[in-house]
Protein chains: 2
Amino acid sequence: MDYTISSIDRALRMLEALAELPGSGVTELAKKTGCTKSQTFRILYTLEARGFVIKDAERNYRLGFQTMLLGDQARRQSPLIAAAQPFVNELYDRLKENILLIVRHELHSACILLRSSPDRDKIFADIGRTGPLHAGGGPKILLANAPQSIQDQVLSGELPGFTAKTVRDPDRLRTLLEQIRRDGWTLSDGELDDHKRSLATPVRDATGTVVAALSVTGASDRLRDAFLTDAREALVSTAGRLSVALGYRGAPVIAS
Amino acid sequence: MDYTISSIDRALRMLEALAELPGSGVTELAKKTGCTKSQTFRILYTLEARGFVIKDAERNYRLGFQTMLLGDQARRQSPLIAAAQPFVNELYDRLKENILLIVRHELHSACILLRSSPDRDKIFADIGRTGPLHAGGGPKILLANAPQSIQDQVLSGELPGFTAKTVRDPDRLRTLLEQIRRDGWTLSDGELDDHKRSLATPVRDATGTVVAALSVTGASDRLRDAFLTDAREALVSTAGRLSVALGYRGAPVIAS
DNA sequence: AAACGCCGTTTCACTGGATGAAAAATTGGT
DNA sequence: ACCAATTTTTCATCCAGTGAAACGGCGTTT
């Protein structure tokens with residue numbers, strides 16, 4: 001049964017459109033969302049009245065403070081983030097490389113926790129930044145463990161390349177995803193960022209569902225050899241403990 | 001002319017209610033927002049479909065990842081935050097005390113930027129946390145410069161005390177607000193946090209509207225004497241430069 | 001075991017709020 | 001001043017949203 005209230009759905013899509021096109025006007029947003037211009041105007045008026053969007057002097061719109069504040073509250077109140085924070089910190093203290101917690105939202109990945117060192121090289125992932133599901137350690141873990149319909153949609157859609165090493169062939173990706181599910185972890189070697197490697201492994205909740213990927217990312221010339229093996233073991237162990245903290249009671253994944 | 005779409009307004013209020021009562025069920029949220037139960041159920045269903053809220057196994061709701069991610073985008077795309085960030089950092093480097101940028105949202109204050117030192121004592125203000133307008137340096141600056149209707153509403157409403165030093169008498173507050181407008185800065189001595197002082201001054205935009213308050217907050221035994229004077233001068237100067245960066249072209253405020 | 005209360009979910013007749021097309025107003029560029 | 005593009009406003013129309021009540025499940029009480 002579908003209980004969707006379509007005017008509310010349109011407003012939510014308007015917020016999403018604004019996140020992608022900050023500083024847009026009424027006509028542009030109408031085109032982006034498929035709403036009529038007068039509908040768009042009224043939606044924006046309603047959103048503006050509550051501070052979700054701001055209209056500037058040139059009549060361009062941006063996300064407003066109330067969106068920001070509610071986002072902060074969402075972060076503060078997230079049981080997953082609360083549970084994961086100490087484990088992310090611990091892993092960072094151990095490895096001194098970037099540690100990320102990545103989630104899937106529809107057909108994309110998003111970084112919801114990031115512990116990085118100021119003197120480490122910049123990486124694609126950043127707090128709140130969305131990215132692909134087919135490239136990168138964490139994203140591939142999430143794709144490999146996503147519902148079949150999600151996998152099918154991603155693999156039949158566009159598979160953009162971020163570097164020369166990004167795997168873009170659907171058949172090759174299917175094989176990789178199968179191996180990832182078997183292994184219980186994955187390594188991304190320069191698929192999202194040149195000269196960067198990313199190890200990742202799943203985080204499961206009480207029902208056994210993969211709700212996030214825990215990942216360590218750093219320069220390829222550091223993440224190799226014995227340190228790579230060490231990092232992988234620490235990563236899998238930490239993600240396993242986090243999963244237990246989230247109520248997971250399945251069998252421990254045995255690395256091949 | 002009122003172009004508010006009431007079902008959308010209800011959905012936005014539902015998000016706000018969830019920020020205040022995370023983990024609520026349908027009945028509680030209906031009561032909080034004044035919506036019927038079937039309306040509440042449908043609103044939540046629509047919000048959940050797009051990831052703005054999450055329903056857990058016990059049928060309780062919380063803000064979801066999409067709210068968090070949009071909040072992150074709002075922060076990333078805010079011209080005010082982008083402009084203020086270097087000034088906040090500079091002031092922090094200078095004073096080594098907590099530096100805050102505070103905004104008003106309806107009848108409350110909210111901290112949108114915070115530069116604090118790990119070894120500093122904890123203060124009330126925190127990123128994304130909303131607070132009063134009648135207590136604390138930054139909040140009082142915002143109240144003193146708010147539209148008359150906002151001032152009237154705040155002063156005729158509840159004025160809760162946070163410490164023994166919080167001013168709760170509306171008449172006394174009116175006198176204080178007048179002085180704040182004359183002085184162009186204010187000192188809060190233990191009104192929000194015991195043993196904490198907070199200096200604050202307004203930040204203006206191109207139209208001369210006070211859009212934020214810049215504030216330095218620290219322990220009372222550090223924020224005194226010559227350091228207090230020094231901090232005040234640095235604060236007022238920095239806020240003035242930030243205001244200019246935002247397009248403000250008014251006369252410089254001369255401190256009494 | 002049955003009754004009861006509470007909550008979340010579902011149903012469907014009804015209507016008023018949302019809609020869209022077009023007019024009016026505003027803005028920025030030449 | 002003129003013009004094109006955009007934003008805002010208007011109003012007759014109608015359908016999407018509403019609300020009251022039924023339904024189902026669960027935990028507690030008798």
Side-chain angles (χ1 to χ4, degrees), chain A residues 1-64 77 79 206-207 247, chain B residues 1-64 79 205-207 209 247 249:
Chain A
M1 189 68 245
D2 186 35
Y3 304 103
T4 305
I5 298 172
S6 44
S7 61
I8 294 177
D9 187 70
R10 277 193 288 271
L12 301 179
R13 285 193 289 108
M14 195 64 65
L15 287 172
E16 291 164 1
L18 260 182
E20 291 185 36
L21 294 170
S24 299
V26 168
T27 302
E28 196 174 358
L29 289 166
K31 205 177 305 173
K32 174 81 181 175
T33 56
C35 302
T36 64
K37 284 206 282 185
S38 59
Q39 218 172 20
T40 300
F41 178 77
R42 284 199 211 91
I43 291 171
L44 290 168
Y45 181 97
T46 306
L47 291 168
E48 188 193 358
R50 290 210 154 276
F52 283 78
V53 309
I54 295 188
K55 178 164 69 164
D56 65 28
E58 287 80 46
R59 304 184 303 194
N60 295 321
Y61 293 88
R62 263 165 237 291
L63 296 177
Q77 287 157 16
T207 67
Chain B
M1 189 68 246
D2 185 38
Y3 303 102
T4 305
I5 298 172
S6 46
S7 60
I8 293 175
D9 188 70
R10 276 192 286 274
L12 301 179
R13 286 194 287 110
M14 196 64 65
L15 288 172
E16 291 166 359
L18 260 182
E20 290 186 37
L21 293 171
S24 299
V26 168
T27 302
E28 195 173 2
L29 287 167
K31 206 175 307 172
K32 174 82 183 175
T33 57
C35 301
T36 63
K37 283 207 287 183
S38 56
Q39 220 172 17
T40 299
F41 178 78
R42 282 199 213 92
I43 290 170
L44 291 168
Y45 181 96
T46 305
L47 289 168
E48 189 194 359
R50 289 211 153 284
F52 283 79
V53 310
I54 294 189
K55 177 164 68 165
D56 65 28
E58 287 81 46
R59 305 187 302 195
N60 295 321
Y61 294 87
R62 277 169 222 288
L63 295 176
D205 68 7
T207 69
T209 307
R249 292 292 179 269

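Protein chains get the first letters and strands the later ones, always in sequence-line order, with residue 1 at the start of each. Below, all heavy atoms of this structure are taken into account, side chains as well, without hydrogens, waters or symmetry copies.
The CG atom of A/Leu12 sits 9.5 Å away from the CZ atom of A/Phe52 when rounded to the nearest 0.5 Å. Within the model, atoms CG of A/Asn60 and CZ of A/Arg62 stand 7.0 Å from one another, a figure rounded to the nearest 0.5 Å. Rounding to the nearest 0.5 Å gives a distance of 6.0 Å between CE of A/Met14 and CG of A/Leu29.
For DNA chain C, the contact window with chain B, defined by any atom under 4.0 Å from a protein heavy atom, covers C/dC7 to C/dT19 in 5' to 3' order.
Near DNA chain C, meaning a heavy atom under 4.0 Å from it, residues 36-47 of chain A has A/Thr36, A/Ser38, A/Gln39, A/Arg42 in order of number.
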TODO: Quick one: do B/Asp2 and A/Tyr45 satisfy side-chain contact (heavy atoms from CB on, under 4.5 Å)? Show the steps, please.
DONE: CA-CA 9 Å; B/Asp2 185 38; A/Tyr45 181 97; 3.7 Å; yes
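In this structure, CD1 of A/Ile5 is placed 10 Å from P of D/dG19, rounded to the nearest angstrom. Rounded to an integer number of Å, the gap from CG of B/Asp2 to P of D/dT8 is 15 Å.
Taking only side-chain nitrogens and oxygens, B/Tyr3 comes nearer than 4.0 Å to OP1 or OP2 of D/dT9.
In this structure, the helix from C/dA1-D/dT30 to C/dT30-D/dA1 shows an angle of 40° between the axis at its start and the axis at its end, each fitted on 5 base pairs and rounded to 10°.
Nucleic acid contact for B/Lys31: none, since no nucleic acid atom lies under 4.0 Å from a heavy atom of the residue.
Residue-to-nucleotide proximity on DNA chain C shows that, of B/Ser6 and B/Thr27, the 5′-proximal contact is made by B/Thr27.
Without hydrogens or angle criteria, A/Thr46 side chain to B/Ile5 main chain gives a donor-acceptor distance under 3.5 Å.
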